[in-house]
Amino acid sequence: GAVVSQHPSRVICKSGTSVKIECRSLDFQATTMFWYRQFPKKSLMLMATSNEGSKATYEQGVEKDKFLINHASLTLSTLTVTSAHPEDSSFYICSATQGPEAFFGQGTRLTVV
Amino acid sequence: DAKTTQPPSMDCAEGRAANLPCNHSTISGNEYVYWYRQIHSQGPQYIIHGLKNNETNEMASLIITEDRKSSTLILPHATLRDTAVYYCIVYSGYSTLTFGKGTMLLVSP
């Protein structure tokens, strides 16, 4: 099946710094990409939906100035957590879709210290 | 809000069939039913999907009711490695891909 690569798989950063997470569709062009956040023992919470070449649509309660999403091409979307704080520590997962099919990255474990 | 309803947890004995139900009574005509599972600290793994016909692959079978308002994922011979959270999702490619709370399946020896 199609492959979505997410990088890095783990990152530790200092409070106040920014972290960029990449999501790539390796063998297909993704029409839409979704970004999720998952806290321990909780389900995946949709943060934002991004379409190539247009601004991302953020879910209610998600700060667009803090979680910057860039979807510059049909194979790459990036999520930048700006001025990270310990409460931003979480598991971030991306999904790339092609028509009605969705494929997921392996996730990024972010720890802010 | 998620468009699906699943039991929070289920138990299954190793080697037996695991039948995981899902209600999606508000499903639209162009929405597929997808099943994913998530093993701890990993991204969701695709299992199977269908529109209205029953589907089978090497991992599982998907039974969709004729009115499409519910479905059942069947793992024919559950193993310990099938212990995971199973998510049922409806998605068309034109809507958001939203997860509910899923079903925690525990397979025991």
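Chain letters run A, B, ... following the sequence lines, proteins first, then strands; residues in each count from 1. These values consider heavy atoms only, across backbone and side chains, with no hydrogens, waters or symmetry-generated copies.
- Using a 4.5 Å heavy-atom threshold, the side chains of B:C22 and B:Y86 count as separate.
- Chosen from B:N30, B:V85, B:I89, B:L97, the residue pairing most often with chain A at heavy-atom distances under 4.5 Å is B:L97.
- In terms of heavy-atom pairs under 4.5 angstrom with chain A, the leader among B:M104, B:Q45, B:E31, B:Q42 is B:Q42.
- With a 4.5 angstrom heavy-atom cutoff, A:Q6 does not touch chain B via any of its atoms.
- Using a distance-only test at 3.5 Å, with no hydrogens or angles considered, no donor-acceptor pair links the side chain of A:S90 to the main chain of A:Y92.
- Only the side chain of A:I93 comes within contact range of chain B, judged by heavy atoms closer than 4.5 Å.
- Taking the six-membered ring wherever Trp is involved, the centroid distance between the rings of A:F103 and B:Y46 does not fall below 6.0 Å.
- Among A:V81, A:T108, A:I21, the single residue meeting the side chain to side chain contact (heavy atoms under 4.5 Å, CB included) criterion with A:V11 is A:T108.
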